[in-house]
Participant: 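After the structure tokens below, expect a handful of questions from me.
The model shown is predicted, which means the values in this text are computed figures rather than measured ones. What's counted below: heavy atoms across the whole structure, side chains too, no hydrogens, waters or symmetry copies.
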Amino acid sequence: MQTLAEGLRLPTNGLDYAILAIYFVVVLGIGFMARASVRTSLDFFLSGRSLPAWVTGLAFVAANLGATEILGMAATGAQYGVAVVHWYWIGAIPAMVFLGLVMMPFYYRSKVRSVPEFLLQRFDKSAHLLSSVLFAFAAILIAGVNLYALSIVVEALLGWPQWVAIVVAGLFVLVYITIGGLSSAIYNEVLQFFVILAALIPLTVLGLKRVGGWDAMSDSLTKQHGGDFMTAWGGTGIGDPNPLGANWLTIILGLGFVLSFGYWTTNFAEVQRALSAKNLSAAKRTPLIAAFPKIFIVFAVMIPGLVAAVIVPKIGTPDSDLTYNDAIPLLMQELLPNGVLGIAVTGLLAAFMAGMAANVSSFNTVFTTDIWQRYVVKDKPDTYYLRFGRLITAIGVLASIGTAFIAAGFSNIMSYLQTLFSFFNVPMFVVFIIGMFWKRASMKSGVWGLVAGTAAAMINYFWIYKGGIIDIPSDQGANFVSAIVGFVAGAVVMVVVTLFTAPKPEAELAGLVYGTESPSPDEELEEADKAWYRKPALLGWGAIVLAAACYIPYSF
């Protein structure tokens with residue numbers, strides 16, 4: 001198991017602990033306040049579809065801005081350099097815009113409670129059940145990554161053994177999600193968004209000051225790692241070496257299309273926030289509102305990683321006792337005074353809870369509504385499924401405690417996360433995208449597309465890459481290739497199966513395939529309101545243009 005270096009104990013005092021205690025009291029208070037609004041299973045799993053767009057938008061970005069994002073992307077910056085911007089401006093913004101403008105109308109109009117439930121309507125029960133099982137399994141694995149990330153911070157703060165930190169933190173999250181359901185998670189995520197920024201901004205500013213500014217940091221890292229380390233596209237020609245171990249084609253197709261769209265458009269931990277919006281207009285604006293802060297967050301997670309690589313030139317190598325995951329705790333120890341240190345620790349704990357809560361709340365929804373209610377115990381009163389939702393939440397947290405120890409075996413948890421996404425999100429995305437845009441795709445093609453995509457991605461990673469059959473320079477490069485392989489395999493199998501099996505009756509495809517939808521009351525309401533901030537297309541194009549403008553300095 002990877003453990004935090006002994007020298008990274010944080011010099012916390014009573015002021016830091018007081019800030020931390022206040023935060024925990026507020027979080028639990030929000031949970032108890034949200035409990036009053038939980039009367040039905042829809043309230044527990046989707047907040048009764050009643051939340052405004054600005055709340056769901058901030059929750060959307062905060063759910064992704066977990067401890068894995070902060071520790072993992074800082075680790076990626078320390079390991080691969082400025083290329084980390086690809087995960088945001090290529091690997092997030094376009095897919096978030098696509099989700100808001102194209103996919104949310106299909107999700108929201110169909111009144112589904114989860115992403116797998118949409119596959120039930122478009123394909124059949126076999127595709128629905130397999131996607132539900134795969135998603136539930138992936139959600140527990142990813143929640144475990146958040147738990148492990150938190151244990152790094154708690155070990156640095158209190159000196160607790162990792163297993164103790166994992167268990168205690170998991171139980172705390174269990175309390176506030178079980179009490180208030182998704183509303184508790186979402187309102188806490190809005191709070192956590194601002195707390196996280198309050199932690200990252202001073203760390204970024206003080207880090208740059210410590211190494212003499214951007215130019216001095218760039219000169220130092222260029223001398224250590226070569227000129228490509230401080231450019232986004234340097235050395236990405238096919239056959240050229242670069243720190244990331246991926247060429248421009250695998251970056252654009254593997255990360256920018258397959259992994260990115262697979263994550264942002266089918267990962268229910270994110271989509272669930274938009275589905276809880278009060279109407280279609282708010283649901284469409286949710287990922288678009290989230291795209292704007294996402295454009296700039298990359299600087300707050302990338303720069304600390306680069307600074308850590310300057311302070312400890314051998315970080316992540318056998319010559320150092322620090323892994324790449326230690327970049328953020330290292331800077332917290334080196335740079336932050338007491339008080340600010342307490343805010344930073346609170347921010348990281350907030351990030352952990354946002355990420356884990358997103359995955360646990362999506363897990364309990366899928367397991368309860370898509371597996372238990374539909375296939376195991378049917379036709380029970382709504383109060384039964386509300387109670388069961390709380391029970392399975394507890395089981396999910398306990399399972400996450402177990403999977404946290406799997407994540408502990410990886411020196412860069414973001415590489416591990418990308419591996420999981422290529423296994424589970426990419427196959428679901430190919431089934432969605434083909435089913436949504438091709439009416440002829442048959443009912444049975446969905447389940448076989450999922451099987452083929454998942455199997456192909458795993459075979460590429462574990463046999464072809466890990467077995468050394470093909471030399472891929474890095475885990476991240478292997479993840480991009482696995483994503484492409486999984487997408488192509490799933491698409492080919494879906495086409496072949498469709499040729500030999502019956503399509504779904506066209507009358508049952510209304511609103512499920514592009515071009516077949518009919519106007520809804522929400523659309524009429526949206527048409528009547530001409531305010532610029534209610535125009536999802538304008539918000540979406542604005543996010544893309546702004547991201548492109550930010551990207552220009554790093555394109556050469």
Side-chain angles (χ1 to χ4, degrees), residues 95 98 102-103 106 114-138 249-250 252-268 366 370-371 418-467 469-470 472 478-506 508-509 512-514 516:
F98 182 82
V102 178
M103 295 191 71
F106 293 93
S114 69
V115 169
E117 191 174 350
F118 184 86
L119 291 184
L120 174 65
Q121 295 187 15
R122 174 60 184 87
F123 294 100
D124 61 7
K125 288 185 177 181
S126 55
H128 172 251
L129 179 59
L130 179 59
S131 63
S132 300
V133 171
L134 289 176
F135 178 83
F137 183 64
L249 184 62
T250 56
I252 292 174
L253 292 182
L255 174 63
F257 176 60
V258 181
L259 274 172
S260 170
F261 279 68
Y263 175 80
W264 291 102
T265 64
T266 65
N267 182 22
F268 188 49
V366 168
D370 291 284
I371 298 176
Q418 296 294 320
T419 302
L420 295 179
F421 294 155
S422 70
F423 293 168
F424 300 110
N425 291 93
V426 169
M428 196 174 297
F429 171 62
V430 68
V431 172
F432 263 85
I433 206 71
I434 290 179
M436 189 172 288
F437 288 95
W438 188 29
K439 289 194 294 186
R440 176 65 178 84
S442 69
M443 292 187 290
K444 292 300 180 184
S445 67
V447 66
W448 289 110
L450 285 172
V451 170
T454 303
M458 289 183 173
I459 288 171
N460 179 78
Y461 187 84
F462 290 114
W463 183 42
I464 297 177
Y465 168 58
K466 290 295 187 181
I469 295 176
I470 294 179
I472 302 176
N479 292 333
F480 298 163
V481 174
S482 295
I484 295 172
V485 169
F487 183 90
V488 172
V492 169
V493 168
M494 285 190 71
V495 171
V496 172
V497 171
T498 293
L499 297 178
F500 296 96
T501 54
K504 200 177 186 74
E506 190 164 340
E508 299 178 19
L509 296 178
L512 300 175
V513 178
Y514 196 78
T516 64

Participant: Where do I484 and L253 come nearest, in terms of heavy atoms and distance?
Facilitator: CD1-CB, 3.9 Å

Participant: Could you tell me the separation between the CZ atom of F421 and the OG atom of S260, rounded to the nearest 0.5 Å?
Facilitator: 11.0 Å

Participant: side-chain contact (heavy atoms from CB on, under 4.5 Å) with M428: which of I433, T265, L450?
Facilitator: L450

Participant: Could you check whether atom CZ of F98 has more than 12 heavy atoms from other residues, nucleotides or ligands sitting under 6.0 Å from it?
Facilitator: yes

Participant: Please report the shortest heavy-atom distance between L509 and K439, naming the atom on each side.
Facilitator: CD1-O, 3.8 Å

Participant: Where is the tightest heavy-atom contact between W448 and V497, given as atom of each residue plus distance?
Facilitator: CB-CG2, 3.9 Å

Participant: So do T419 and S482 actually touch side chain to side chain, heavy atoms under 4.5 Å?
Facilitator: no

Participant: Can you confirm whether F118 sits close enough to M436 that some side-chain heavy atom of one is under 4.5 Å from a side-chain heavy atom of the other?
Facilitator: yes

Participant: Checking S131 side chain against H128 main chain: does a donor-acceptor pair fall under 3.5 Å?
Facilitator: yes

Participant: With a 4.5 Å limit on heavy-atom distance, are the side chains of V430 and V426 in contact?
Facilitator: no

Participant: Rounded to the nearest 0.5 Å, how far apart are CD1 of I464 and CD1 of I459?
Facilitator: 7.5 Å

Participant: Quick one: pull up NZ in K125 and CE in M443 and give me the separation to the nearest 0.5 Å.
Facilitator: 12.0 Å

Participant: Could you walk me through whether V451 and L130 pass the side chain to side chain contact (heavy atoms under 4.5 Å, CB included) test, one step at a time?
Facilitator: CA-CA 8 Å; V451 170; L130 179 59; 3.5 Å; yes

Participant: Roughly how far, to the nearest 0.5 Å, is the CG atom of N479 from the CG atom of L255?
Facilitator: 10.0 Å

Participant: Quick check: does any side chain N or O of D124 sit under 3.5 Å from a backbone N or O of A127, one acting as donor and the other as acceptor?
Facilitator: yes

Participant: Using modelled atom types only, decide if a donor and an acceptor are shared between the side chain of R122 and the backbone of L512 within a distance under 3.5 Å.
Facilitator: no

Participant: Of the non-hydrogen atoms in S126 and K444, which two are nearest, and what is the gap between them?
Facilitator: OG-NZ, 4.0 Å

Participant: Say whether, by atom type as modelled, one donor and one acceptor occur between the side chain of T498 and the main chain of S442 under 3.5 angstrom.
Facilitator: yes

Participant: Please report the interatomic distance CZ(F432) to CG(L119), rounded to the nearest 0.5 Å.
Facilitator: 4.0 Å

Participant: Hey, are the side chains of F257 and F429 touching, using non-hydrogen atoms and a 4.5 Å cut-off?
Facilitator: yes

Participant: Can you tell me how far the CG atom of L134 sits from the CZ atom of F424, to the nearest 0.5 Å?
Facilitator: 6.5 Å

Participant: Of all heavy-atom pairs between S132 and I371, which one has the smallest distance, and what is that distance?
Facilitator: CB-CG1, 3.7 Å

Participant: Would you say W438 and V495 make side-chain contact, with heavy atoms under 4.5 Å?
Facilitator: yes

Participant: If you take all heavy atoms of A457 and S422, which pair is closest and at what distance?
Facilitator: CB-O, 3.5 Å

Participant: Report yes if some heavy atom in the side chain of Y461 is under 4.5 Å from a heavy atom in the side chain of F423; otherwise report no.
Facilitator: yes

Participant: Test F437 against V102 for side chain to side chain contact (heavy atoms under 4.5 Å, CB included), laying out the working first.
Facilitator: CA-CA 11 Å; F437 288 95; V102 178; 3.9 Å; yes

Participant: Yes or no on side chain to side chain contact (heavy atoms under 4.5 Å, CB included) for M494 and F123, after CA distance, side-chain angles and deciding distance?
Facilitator: CA-CA 12 Å; M494 285 190 71; F123 294 100; 3.9 Å; yes

